[in-house]
Structure formats: C-alpha cells, structure tokens
Amino acid sequence: MGGVKAPKDPEKKQQGFYIIHNKEVFGTRQPDGRGIHYIYEDNGRLINSAVLSGNIQDERILECLKTAEGFRSLVHSIGVCIETKEYGIPVEFVFQMYGKKDIYGGGTVISKKILGDGMEYKIPLSEVAWSEDDKEPGQIQFCFEKPETMAKASVRLYVNEGFQVPEEEMEEPINLDGEDARKMLERSLMSIGNPFRLKKVIEKARKGEEVTLAYIGGSITQGAGAVPINTECYAWKSCCAFAKRFSKENRVNFIKAGVGGTPSELGMLRFERDVLRQGEQPDLVVIEFAVNDEGDETKGICYESLVRKVLGLPWSPAVVLLFSVFANDWNLQERLSPIGEHYQLPMVSVLDAVSPQFGLKPEEGRVITKNQYFYDMFHPTNEGHTVMAQCLDYLFEVVAHGESGQDDSRKNIFDIPPILGKTFEHIRFFDRKDLYDGAEIMEGSFHDTDVDLQAVEMDMDTEGTLEFPYNWQYNGENWSGKEVKPFRMKIFCKNLVLVFKDSGAVCAGKAKVLVDGEHVYTADPLVNGWTHCNAKILFEEQESREHIVEIQMEQGEESKKFTILGFGYVI
C-alpha cells in the first residue's frame, strides 16, 4: 500500500493590486441575447483605477499601465473574482488591448471562462498570444449568457519580480446616516438662490398634483457607474426621494436625458428632443454639465444659453444647477456658478460635499473613500450616485422648510442681460427627418443612413436609444474611384452648429467643411476615438443671411465613412 503523497509546494505569494475591487456589474442586453458589462480602461482610466482601487503611487508602475508593452512588463497574471447573484453561473472575463491601426479589432484579447462563485481565477500572461498591433489597455468585459445578470467583481493585477506594491488597506463601511454625513450634505448646498419656482413644484406635489422632474447632462446623468443603470443612478434616486418626501400619491414623472461624453454645446441642441419630447412640460429641470464642458468652444456661453432656454419656457419651470465631480477633485463650478448666481438659481456642488472629506480618516469625519465613491476616474458607484441624490434631496428639504422667495414667473428671462452670452438661447435642431424650411439640401454622396450610433439609456430603460438616427452618411465601402459628390446646403441663419459622429473604427474618414467657399473646419471622427456625438460651431454672426455649406470627404479618404448627425441653427 502506498504512503500518503507529499503535497505540492505552496505557490509563492505574488504581490498584486486591485484595479476593480468589489464593484457591482450588470449584464446589459446585447443584440445577440447575451448580457455584457463594459469597463473602459483607456486614456488614463487604468492608471486612475490603480490609484483608486489599488492605492498605487509608484510612478514606475503607473507609467507601465499607459501602454500594452508596459502592461506586459509589469503584469505577471490577472486575478479575476466574480460572485453572481445566482451563485456559480458561468461568466466570460475579457481584457482587450486597443490596437494602433485598428483600435477595436487589432489588439490582443485576453479571455477566460470562469464561474461566478466568489473564487479568484488567475490568467498568466505567459499563456497569451500577443498582437503586434497592441497600443494600450482598452476595456474589460464581463459577459453573461443571460442578460441583466447582477454580480460583484474584483480584478487584481499580479506584478512581476522587481515591482513593489503597497499592502492592501481595509476600508471602513460607509455610513450615510450619521452626523458626519449630514455635514457633508450641508456643504453641498452652494446657494439656495430664489427658491420661488422650486417651492412651487414642492407645493404642487404636496397637493397631490402630477409633477415631472427632468435631468439633463452627460454620462453621470445617463447613469454611468450605476448598476443597474436605471434604478441606481442619481437621477432616479433623486426623483424617488422627492416623491417620498412630498408626493403622498407618488404622482411624480421622471425624465432622464443624459448622454455620455457630451457638453452643454450638444445639450442645448437636444433639449427639445430629449426633454420636451411628446409635449412634456417638466416642472423641474436639473442641469449637470460641470464635468463635461471643458471642451465647450464658448467657455460657458452654451451653458448659459441652455439655462436661459429652460428658464424662458412658458410654464416657468424650476432650474437646479448640479456640479458633479471627477476623481481628481475637479469640476467647472468656478466657471459656471456665476451663471447660477446671475439668475438666482439653486446650486448643488458634489465637489464641495465629498472632496474635503476624502483625505480624512474615519475618526476625523470621513464618510466615504474615493474607491467607494468612484466606479472609475469619471463616474460614481452606486454609493456615489446615492450621495449625489442625497445632495439634491438636502436642497429640496431646505427649500421646503424655508421662505417662498420672490415670484419671477412674469419676468421675461430673454430681457435680462446675460453674464457670459446668450448666442444660442433660441437654437433649434434639424436632421433628415425634421427639416428646417430655411435650408435647401442636396445630399450628394451622403445618401446613406448610419445605424452604428451612440446609444443611451433614457428614463428607466436599460437598453440604449440611438442618438440622432435620422442622419446623412457617406459610405465609401464600395468606392470605385468615381466622383464623390459633397453634401451641399443653402441655409438662412446667423449661427450654425454641425453635429457629426465620432468613431474609433478604422473605416472612419475625415471630412472638410466649407462655408461660402472657404474652408472653416476639418472634422476628424478619430480624434476622440469612440462612437459618440460631436458638436462644432461653424459660424456666428450678428444677423441672419443666406450661406452655402459644403461637406466633402478629405482627399484620400474616399473609401471611408463619415456621418452628419444634424445641425443646430439660430435665425
């Protein structure tokens, strides 16, 4: 009879750090029936993930995370842990490198099928066949056979010898009900402004009348980082808190109109379509663009134009300015808050609420850590969205118990001089479906319709709605050397904004824009590198007159694609 065999030597403990630690994931339904949760790690996001979740400060390690080559030199293996709500179901983990030439199709795809059983599964990088086109770490995917699967996920990078990582720190549980949390919420109230309109909405709800709350902004308003995105986003939580506090019969309607990666420059164009759709007349509009407007060409005029557009609606809705925050403790409230002061608007700053307490210890008054608040460098976790909603709810509470303010419903907002500018307060949008009768259009070779568009989860939906589906696309896929005819438009207006599609696809090409025969802009969809909507001001003038606008493919780009999503105009 054989003796007991000696066990294998224990595996040497490797040093590692988290890039995802106990984050909620949710399988959004895909066209093929699966559910996929995406986490983007390009453009510095992976570095921020390492700082937030792994407490990495070593510049040598952070530098390695910028490129695929550096990633390979740093990482020995990837540890993945998934715990599905329905215990132990299969999950495919994917870590995709983006390519140099072909962003989405040229890089290495690291994948492993595991079980959602809470165990850590390791993927040694020595087993990976690497692509020569690798540029940078791109995205992580959690793929589920069934859509709408909920899970908690952790991903840890184990490092090669020669790298040192800090010891893992234990986080205290979040307490959003204590005295320290109350002080945090109090800091969020930048200004109550003139509360008359907001007080009126509250009183209307208290009477049992129907009220509608609308939220417009970027990806944070869309719900990015919230899992699931429809019920865990700050907008829905805020709406629910308002209904619970003021509406006994819960007669509160909800409009969510957040679009990722877009500033108020696009928000002012889509306000009618996305918020006032189907004749909606919201009683309250929350505007959240404080982390999206860095690229606004007008440095605040588009934002003020949107504010004036909303304030000037015939039914005099209440307007609240919400200033969200990035993980580097940054937003644009210094630029934008003077607009709120000028029009005496209630203003709520999430930056003022959370950033001062991030650097504290629990005994010093810390309520929530950065890792607990942020899902990634841009977006909040479920807990972060809860904090945002509580900041708005604190405003509602203060207004409900305070003075009524001064009735400004008879004041014509358009007669009030602006603080920055009002160039676009009367801007309108048109596309292939809803045309402007002051524009004559000859499509030329831009006669196709693009269906590969940015999709966003509106209101309570979990499946995306396509942005600007009535577009003009030039498709050079089968170009055979024939003449490419430009898109040509004769239009009567004084200001014109082009909206075109950004893309990361290798088939996306550049287009030149000419106004009255002069080249004013070259639209390059690859600058931003992902599928979303881009707005560009083509001209601003004092008086309306007739212009000829031409959009033509750049020489050498005839075999590629370009999509015109629509135009904004002022007459």
Side-chain angles (χ1 to χ4, degrees), residues 7-23 25 38-83 91-100 103-104 106-115 117-143 152-171 327 370-371 374-377:
K8 290 182 179 179
D9 289 338
E11 185 178 340
K12 182 180 178 183
K13 184 179 179 182
Q14 288 178 298
Q15 294 189 62
F17 62 91
Y18 286 107
I19 55 172
I20 299 171
H21 192 201
N22 287 331
K23 301 292 188 188
V25 295
Y38 296 90
I39 298 177
Y40 298 98
E41 300 289 7
D42 60 323
N43 292 325
R45 291 182 177 95
L46 182 56
I47 291 172
N48 196 266
S49 296
V51 173
L52 284 178
S53 299
N55 196 29
I56 299 298
Q57 304 297 328
D58 187 327
E59 290 296 331
R60 181 179 168 222
I61 292 177
L62 298 178
E63 187 67 26
C64 287
L65 297 175
K66 291 181 179 179
T67 64
E69 183 181 1
F71 186 88
R72 290 173 62 179
S73 69
L74 169 69
V75 179
H76 174 274
S77 53
I78 303 173
V80 186
C81 174
I82 302 281
E83 187 170 359
V91 183
E92 183 179 12
F93 168 79
V94 176
F95 198 131
Q96 179 182 357
M97 300 289 155
Y98 284 166
K100 299 171 187 173
I103 294 177
Y104 301 122
T108 299
V109 177
I110 303 166
S111 66
K112 186 177 182 68
K113 291 186 177 180
I114 62 176
L115 297 177
D117 56 7
M119 298 288 290
E120 185 180 65
Y121 295 82
K122 280 191 177 181
I123 308 171
L125 295 198
S126 59
E127 298 177 359
V128 175
W130 295 91
S131 166
E132 293 183 1
D133 193 40
D134 282 337
K135 178 185 178 184
E136 62 178 337
Q139 62 176 262
I140 288 171
Q141 301 173 16
F142 297 98
C143 308
K152 264 198 172 177
S154 294
V155 177
R156 185 162 22 192
L157 302 183
Y158 290 97
V159 300
N160 287 311
E161 290 186 14
F163 293 95
Q164 295 289 324
V165 301
E167 288 292 323
E168 200 176 306
E169 290 186 0
M170 296 296 293
E171 292 179 324
K370 275 196 175 183
N371 181 57
F374 288 101
Y375 199 95
D376 56 28
M377 66 189 291

K.L.:
To the closest 0.5 Å, what do you measure between CD1 (Ile114) and CD1 (Ile123)?
P.N.:
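Here the interatomic distance stands at 7.5 Å.
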K.L.:
Going from CZ on Phe17 to CD on Glu167, what distance comes out if it is rounded to the nearest 0.5 angstrom?
P.N.:
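One gets 14.5 Å once the value is rounded to the nearest 0.5 Å.
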K.L.:
Using a 4.5 Å cut-off on heavy atoms from C-beta on, say whether the side chain of Cys143 contacts that of Val94.
P.N.:
yes
K.L.:
Looking at Lys370 and Ala327, would you say the former's side chain and the latter's main chain have a donor-acceptor pair under 3.5 Å?
P.N.:
yes
K.L.:
Do the side chains of Gln15 and Phe163 get nearer than 4.5 Å, heavy atoms only?
P.N.:
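With C-beta onward as the side chain, the pair stays apart.
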K.L.:
Tell me the closest heavy-atom pair linking Ala68 and Pro137, and the distance in Å.
P.N.:
N-CD, 3.9 Å
K.L.:
Not counting sequence neighbours, which residues clear side-chain hydrogen bond (donor to acceptor under 3.5 Å, both in side chains) with Thr108? List them please.
P.N.:
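For Thr108, the residues satisfying side-chain hydrogen bond (donor to acceptor under 3.5 Å, both in side chains) (neighbours in sequence not counted) are Asp134.
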K.L.:
If you apply the rule side-chain contact (heavy atoms from CB on, under 4.5 Å), what do you find for Ile110 with Trp130, and how did you get there?
P.N.:
CA-CA 9 Å; Ile110 303 166; Trp130 295 91; 3.8 Å; yes
K.L.:
Within the 4.5 Å heavy-atom criterion, are Leu157 and Val165 side-chain neighbours or not?
P.N.:
no
K.L.:
Is it true that a side-chain atom of Gln96 and a backbone atom of Tyr104 form a donor plus acceptor pair closer than 3.5 Å?
P.N.:
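Yes.
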K.L.:
For the OG atom of Ser77 and the CG atom of Asn160, what is their distance to the nearest 0.5 Å?
P.N.:
8.5 Å
K.L.:
Would you give the length of the straight line joining atom CG of Leu46 to atom CD1 of Ile56, rounded to the nearest 0.5 angstrom?
P.N.:
11.0 Å
K.L.:
Charged N to carboxylate O below 4.0 Å: is that the case for Arg156 and Glu168?
P.N.:
yes
K.L.:
Checking side-chain hydrogen bond (donor to acceptor under 3.5 Å, both in side chains) against Tyr98, which of Glu136, Gln139, Glu41 comes through?
P.N.:
Gln139
K.L.:
Does Asp376 reach the side chain of Ile39, with side-chain heavy atoms less than 4.5 Å apart?
P.N.:
no
K.L.:
Supply the atom-to-atom distance Ser49 OG to His21 NE2, rounded to the nearest 0.5 angstrom.
P.N.:
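It comes to 13.5 Å.
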K.L.:
Given side chains that start at C-beta, do those of Ile19 and Ser53 come closer than 4.5 Å, heavy atoms only?
P.N.:
no
K.L.:
Tell me, please, which residues at least two apart from Arg45 pass salt bridge (Lys or Arg N to Asp or Glu O under 4.0 Å).
P.N.:
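Per chain and number, Arg45 pairs via salt bridge (Lys or Arg N to Asp or Glu O under 4.0 Å) with Asp42.
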K.L.:
Between Asn371 and Glu171, is any pair of side-chain heavy atoms under 4.5 Å apart?
P.N.:
yes
K.L.:
What residue pairs, at least two apart or across chains, pass salt bridge (charged side-chain N to carboxylate O under 4.0 Å, His left out) with a residue in residues 62-82?
P.N.:
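Applying salt bridge (charged side-chain N to carboxylate O under 4.0 Å, His left out) to every pair that reaches into residues 62-82, excluding sequence neighbours, yields Glu63-Lys66.
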K.L.:
When the ring centroid of Phe71 is compared with that of Phe95, is the distance short of 6.0 Å?
P.N.:
yes
K.L.:
Side chains of Ile140 and Phe93, heavy atoms from C-beta outward: is any pair under 4.5 Å?
P.N.:
yes
K.L.:
Find out whether the Lys NZ or Arg CZ of Lys122 is both under 6.0 angstrom from the six-membered ring centre of Tyr158 and within 45° of the ring's axis.
P.N.:
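Output yes; distance and angle both within limits.
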K.L.:
With a cut-off of 6.0 Å (strictly less than), are more than 12 heavy atoms of other residues, nucleotides or ligands near NZ of Lys135?
P.N.:
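Atom NZ in Lys135 is not crowded, with 12 or fewer foreign heavy atoms closer than 6.0 Å.
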K.L.:
Any side-chain heavy atom of Met97 within less than 4.5 Å of one from Ser131?
P.N.:
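No, their side chains stay 4.5 Å or more apart.
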K.L.:
side-chain contact (heavy atoms from CB on, under 4.5 Å) for Ile82 and Lys152? Distances and angles first, verdict last.
P.N.:
CA-CA 6 Å; Ile82 302 281; Lys152 264 198 172 177; over 6 Å; no
K.L.:
Compare every heavy atom of Leu62 with every heavy atom of Ala50, then report the nearest pair and how far apart it is.
P.N.:
CB-CD2, 4.2 Å
K.L.:
Can you tell me how far apart CG (Leu52) and OH (Tyr375) are? Round to the nearest 0.5 Å.
P.N.:
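Taking CG in Leu52 and OH in Tyr375, the distance rounds to 13.0 Å.
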